[in-house]
Amino acid sequence: MSETKSGFGKGCHLHLIDGSGFIFRAYHALPPLTRKSDGAPIGAVSGFCNMLHRYVEGNTGPDAPTHVCVVFDKSGHTFRNDLYDLYKANREAMPEDLRPQIPLTRRATEAFNIACKELQGYEADDIIATLACQAREAGGRVTIISSDKDLMQLVGGGVEMLDAMKNVRIDHEGVEAKFGVGPERVVDVQALAGDSVDNVPGAPGIGIKTAALLINEWGDLETLLDNAEKIKQPKRRQTLIDNRAQIELSKKLVQLDCNTPLDFTLDDLEVRDPEPEVLLGFLAEMEFRTLTKRLAEQMGAAAPEIDDTPSQPAAQEAPEQPAIDTASYQMVSDAETLQAWIERIRERGYVAVDTETTGLDEMVVDLVGICLATDPGQACYIPLAHKAEGGEGLFASDDLAPGQMPLDAALKMLKPVLEDGSILKIGQNMKYDAKILKRYGIDVAPFDDTMLISYALNAGLHTHGMDALSERYLGHVPIPTKELLGSGKSQITFDLVPLDKATAYGAEDADVTLRLWQVLKPRLHREKVATVYETLERPLAPVLAEMEMHGIKVDRDTLSRMSNAFAQKMAGLEAEIHELAGETFNVGSPKQLGEILFDKMSLPGGKKGKTGAYATGADILEDLATEHELPGRVLDWRALSKLKSTYTDALQEHINPDTGRVHTSYLQTGANTGRLSSTDPNVQNIPVRSEEGRRIREAFIADQGKTLVSLDYSQIELRILAHVARIDSLKQAFHEGQDIHAATASEVFGVPLDQMTPEIRRQAKAINFGVIYGISGFGLARNLRIPRAEAQGFIDRYFERFPGIREYMDQTVAFGQEHLFVQTLFGRKIHTPEIAAKGPRAGFAKRAAINAPIQGTAADIIRRAMIRMPEAIAGIPAKMLLQVHDELVFEVDKGAEEALIKAARDVMENAAEPAIHLDVPLVVDAGQGANWAEAH
DNA sequence: CCTGTCACG
DNA sequence: GACGTACGTGACAGGG
């Protein structure tokens, strides 16, 4: 190989900085500082910047580096977890106020104009090892700035370590002093001694001292293990023989990988001076007064103004933003213009993104254009697949409209930006855009989502759609979709919209999204829901996207056969009903049915609602069934009609022709409590309670060679109630694995468990549910169909027996009245403004306030499980398909069922930890089968 | 578009 | 003392 003239080589000196080490030192060295303007935690960033500054200042003289790089860990799964799933398993979770600071330390590094590297699937140590090896081979010098002893194996041949805090250099001798062996044998000692911090097992009972002794005696680990029988000390001998596999595994875990696949070379790491404007801009943004001033002086630049006045709510927040003007947006038609936008995005570090498509079903529609915004008022639209006008009348041409970039070329330019880990993509309902772009080969990350931010802030106060948010927070009504596409029969798709109108509409969406983000994002910290957003909302979106795109297989023939059978039965029932009524009428019309029942037939109990129509709900018809045959027939007809229209017919329409599967959409912000909702189709209300309905689940099947597995939390809400209301007897019943409804019945009605009857248990079960819903005598009476006084007696006895529950309810309502919101155990806020109302509305709000922390905590727990699930089952050929509030449905290769159940159950049962330790165990039941009916 | 009804947790 | 009441959802049909 020939020497390039400016390449890294002899005379060069590479500094490799362990970024994570810097961050943790900075975090622990400083008090929990917050940024003055918005309260964001900033202590670790401050310490990190000071350390970088001190480091840069010290880089003078003959020891100064020619090349430098800060290396970070990329969170998540590494190849070591594939070797040993417990690797680093007893690491404590990252402190919640540190997590949001990590991306800022990356930005800080870049602001100092120092190369900043990380790699998915590898630890920082491996990247450092690879770079150190490359530099050593090239004949250069290397200094690793870290105090991590794992890196000592790299020392030697021009590689040294530097503990920046103690300012101690560690060379060959230093390593020997620490490990008792030279760097080349450090891994052998570590393999034997293990490491409790990283959870490397090693050989039990052997520490560094003994390990070094053994290695020095036998030369290396392999020789030692091959000759283990010859060791004199019986205990040591036995340990080495018994644990050989574990020791060999440990060596693989501690051995750093010098061949990580890097997409850059040493030459990319050359030392560069910081750009004063960029660095000072960043420091000012962080509101570091002292450091900004000092560096401005050193660089001979003007210190930027720091505005750290705490932002006031409402109008003052964004005082001088340009008005939203759709005429100012730019249409991007060529690569040069797009390149200019990309450069602006890279400068900014973030961009609002919106995609325009031919419809709403992300699994079917085509991408039509992409909108970007970098600053308020600075937005563009990139049309990519608009159809040319022309053709006759409604028939549009198949040709593309002129003035558009080729779709492939535009995506090729945008992909690196959309996937760049250092550029934040901002969207409104980003899951939608991410799914679309995923189908075009682009994995959008990282991202923020204004819809999710709004939900974390204001669940219960208002909805979180863009139009509503824009009107509320920006005082601006965006161009209505209707205006652009029309509605009803004459509605057109976006690809038929003229380019100028599409630009106004699309770019406006991106502009509005960016402005919303600027208004809402800072509020997360102020409202103390940043953790909710960052741990329960944002990371769930990609998990849901994955589930939705995978879908579940649904068998059309099964549904079709059932539809036919239902139709036949309904026709028979309809004839009977008309016969009984003495005339034909529309059985499906509650209005006509009410008139038949109560006017023509004069049955008792006719009550008119507010619209003047008779009520004909199931409860009323059930009461009437004792009087006449007709109501019972109508109930049967309604049951079949429901199953047919909502399930056996409608589900067939939702089978995707390409995949043969049904792809639901989960709405993360639909339910105020933190629950998900599911649409198109709703997979969370597939029948299960009636035998006939349950058969619909037989149509939800596993693919060839696979099995459906269902895992569901047992009684999760009652367990949470026992915890939050601190009911010892309930907690104990759960610890003992008792039937909780029977136990409740026993407590409340004084019936010994061995004399329990199904009827008494049923009543206790109704009370238990009632409690969760904010019980009332009226409600329980109606549910159990017993006199109200009797129901009230049950409730009184229940509260007498469990006084803690009444206290919980009273305290929760009082909290709600004081704050106008209630909270889950994980800090999710559910606003309950109506609790201050007078009249019946307050009653609703009170019951909702009692229920919300319980239902919401359960929702948070399964969210945590879902977020952790992809990593937990990464080694198992399985996919998570569905969530039904307390149930997760998976599809797994035959043979791997038990492995999946073990892994998924573990995640679900421990999902509250470590944030919350419940006083009751969470229990997960599992089932499996060829279809959902069998698995559930 | 609203209401009633009914499917689920 | 009367009022109206179980909590959280989504889909469909009928009818204005």
Side-chain angles (χ1 to χ4, degrees), chain A residues 459-460 487-488 585-594 608-621 634-635 637-651 653-654 664-667 669-690 692-694 696-697 712-713 715-718 721 766-784 788 791 795 809 822 830 832 838-856 858-859 862 882-887 936:
Chain A
S487 66
F585 68 101
N586 186 347
V587 184
S589 162
K591 184 165 170 274
Q592 294 180 32
L593 175 66
K608 293 192 176 180
K610 39 192 163 199
T611 55
Y614 289 110
T616 65
D619 46 350
I620 290 170
L621 296 190
V634 173
L635 283 170
W637 183 91
R638 277 191 184 163
L640 292 172
S641 166
K642 181 78 177 179
L643 294 179
K644 182 170 185 294
S645 66
T646 310
Y647 300 104
T648 56
D649 287 351
L651 271 174
E653 306 295 311
H654 284 288
T664 187
S665 286
Y666 289 102
L667 183 59
T669 58
N672 292 336
T673 53
R675 272 195 181 179
L676 304 177
S677 70
S678 156
T679 61
D680 305 306
N682 182 350
V683 294
Q684 295 182 317
N685 72 346
I686 306 299
V688 70
R689 291 173 188 167
S690 78
E692 209 155 28
R694 186 156 56 237
I696 290 170
R697 294 186 175 221
D712 68 291
Y713 284 107
Q715 307 291 0
I716 187 167
E717 293 191 359
L718 280 174
L721 177 69
I767 301 174
N768 276 334
F769 276 104
V771 166
I772 292 171
Y773 297 152
I775 201 161
S776 77
F778 184 93
L780 184 65
R782 200 172 65 171
N783 189 282
L784 284 176
R788 193 173 158 173
I795 295 171
M809 291 181 155
V822 292
I830 298 108
T832 58
K838 287 187 82 169
R841 296 158 83 88
F844 276 113
K846 277 183 194 174
R847 289 192 296 274
I850 289 166
N851 175 256
I854 301 169
Q855 188 181 112
I862 197 166
L882 304 179
Q883 190 250 42
V884 191
H885 308 308
D886 63 358
E887 174 189 10
H936 185 73

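Proteins come first, then strands; the chains are lettered A, B, ... in the order of their sequence lines, and each starts at number 1. What's counted below: heavy atoms across the whole structure, side chains too, no hydrogens, waters or symmetry copies.
If you take CZ of A:F769 and C1' of C:dA6, they are 12 Å apart, rounded to a whole angstrom. Taking atom CG of residue A:L721 and atom P of nucleotide C:dA6, one finds them 20 Å apart after rounding to whole Å. Atom-to-atom, CG of A:N768 to C1' of C:dC7 comes out at 15 Å; the value is rounded to the nearest Å. Rounded to an integer number of Å, the gap from A:K642 NZ to B:dG4 P is 15 Å. To the nearest angstrom, P of C:dT9 lies 10 Å from NE2 of A:H885. Here the P atom of nucleotide B:dA7 and the CG atom of A:D649 are 16 Å apart, to the nearest Å. Rounded to an integer number of Å, the gap from A:I830 CD1 to C:dT9 P is 11 Å. Rounded to a whole Å, the CG atom of A:L643 is 13 Å from the P atom of C:dA13.
Considering only side-chain N and O atoms, A:R847 lies nowhere under 4.0 angstrom from the phosphate OP1 or OP2 of C:dA6. Side-chain nitrogen and oxygen atoms of A:N586 include at least one within less than 4.0 Å of the OP1 or OP2 phosphate oxygen of C:dG14. For the OP1/OP2 pair of B:dA7 and a distance below 4.0 Å, the side-chain nitrogens and oxygens of A:T646 include no atom meeting the criterion. Residue A:T616 has no polar side-chain atom (N or O) positioned under 4.0 Å from OP1 or OP2 of B:dG4. Between A:R782 and C:dT5, a side-chain N or O to OP1/OP2 separation shorter than 4.0 Å is absent. Taking 4.0 angstrom as the limit, A:Q592 places a side-chain polar atom (N or O) nearer than this to OP1 or OP2 of C:dG15. Remark: A:R675 is not in phosphate contact with B:dG9, judged by side-chain N or O atoms under 4.0 Å from OP1 or OP2.
A side-chain donor-acceptor contact under 3.5 Å links A:Y666 to the backbone of A:Q883. Remark: the backbone N or O of A:D680 is not paired with any side-chain donor or acceptor of A:T664 at under 3.5 angstrom. Put simply, the side chain of A:N851 gets close to the backbone of A:I772: a donor and an acceptor are under 3.5 Å apart. Judged by distance alone, the side chain of A:S641 and the main-chain N or O of A:W637 form no donor-acceptor pair under 3.5 Å. At least one donor-acceptor pair closer than 3.5 Å links the side chain of A:R697 to the backbone N or O of A:I686.
Comparing C:dC7, C:dG4, C:dA11 by their closest approach to the side chain of A:F844 singles out C:dC7. Nearest to the side chain of A:S677, among C:dG15, C:dT5, C:dT9, sits C:dT9. Listed candidates were C:dC7, C:dA11, B:dC6. Nearest to the side chain of A:Q855 is C:dC7. Comparing atom distances between the A:V688 side chain and each of C:dG10, B:dC6, B:dG9 picks out B:dG9 as nearest. Set against B:dC6, C:dA6, B:dG9, the side chain of A:R638 has B:dC6 as its closest nucleotide. When distances are taken from the side chain of A:K591 to each of C:dG15, C:dT9, B:dA7, the shortest belongs to C:dG15.
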Could you walk me through whether A:V884 and A:V683 pass the side chain to side chain contact (heavy atoms under 4.5 Å, CB included) test, one step at a time?
-> CA-CA 7 Å; A:V884 191; A:V683 294; 5.5 Å; no
Could you give me the CA-CA distance, side-chain angles and deciding distance for A:R638 and A:T616, then say whether side chain to side chain contact (heavy atoms under 4.5 Å, CB included) is met?
-> CA-CA 11 Å; A:R638 277 191 184 163; A:T616 65; 2.8 Å; yes
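Where A:G777 and A:A848 each meet DNA chain C at their nearest nucleotide, the meeting point lying more 5' is that of A:G777.
Residues A:H885 and A:L676 approach most closely at CE1-O, 3.5 Å, considering heavy atoms.
Remark: DNA chain C takes part in the stems B:1-9 with C:7-15, each of 3 or more antiparallel Watson-Crick or G-U pairs, criterion distances under 3.5 Å.
Judged by atom type and distance alone, A:R841 does not reach the base of C:dT5 through any side-chain donor-acceptor pair under 3.5 Å. Within 3.5 Å, a donor on the side chain of A:R689 pairs with an acceptor on the base of B:dG9, or the reverse.
Within the nucleic acid shown, A:N783 comes within 4.0 Å of at least one base atom, counting heavy atoms only. A:S641 comes within contact range of no nucleotide atom at all, as no heavy-atom separation falls under 4.0 Å. In this structure, A:N685 reaches the bases: a heavy-atom distance under 4.0 Å links it to at least one base atom across the strands shown. Heavy atoms of A:A618 sit under 4.0 angstrom from primed sugar atoms or phosphate atoms, though from no base atom. Within the nucleic acid shown, A:D619 has no heavy atom closer than 4.0 Å to any nucleic acid atom. In this structure, A:A849 reaches neither bases nor backbone, as no heavy-atom distance under 4.0 Å exists between it and the strands shown. Residue contacts for A:G843: at a heavy-atom cut-off of 4.0 Å it reaches no nucleic acid atom on any strand shown. Counting any heavy atom pair closer than 4.0 Å across all strands shown, A:G693 reaches no nucleic acid atom. Heavy atoms of A:G774 sit nowhere under 4.0 angstrom from any nucleic acid atom. When heavy atoms are screened at a 4.0 angstrom cut-off, A:A615 is found touching the sugar-phosphate backbone but no base atom. Within 4.0 Å of A:A858, counting heavy atoms only, lies no atom of the nucleic acid at all. A:I686 comes within 4.0 angstrom of the backbone, heavy atoms only, and of no base. Residue-level contact check: A:S645 touches the backbone only, with heavy atoms under 4.0 Å from sugar-phosphate atoms and none from bases.
A:L640 is listed as a side-chain neighbour of A:E692, based on a closest heavy-atom distance under 4.5 Å. A heavy-atom distance below 4.5 Å is not found between the side chains of A:R675 and A:Q684. Residues A:T679 and A:L667 have side chains not in contact (no heavy-atom distance under 4.5 Å, counting atoms from C-beta outward).
To the nearest whole angstrom, the two P atoms, one in B:dA7 and one in C:dA2, are 36 Å apart. When the P atom is compared between B:dC6 and C:dC3, the two are found 27 Å apart, to the nearest whole Å.
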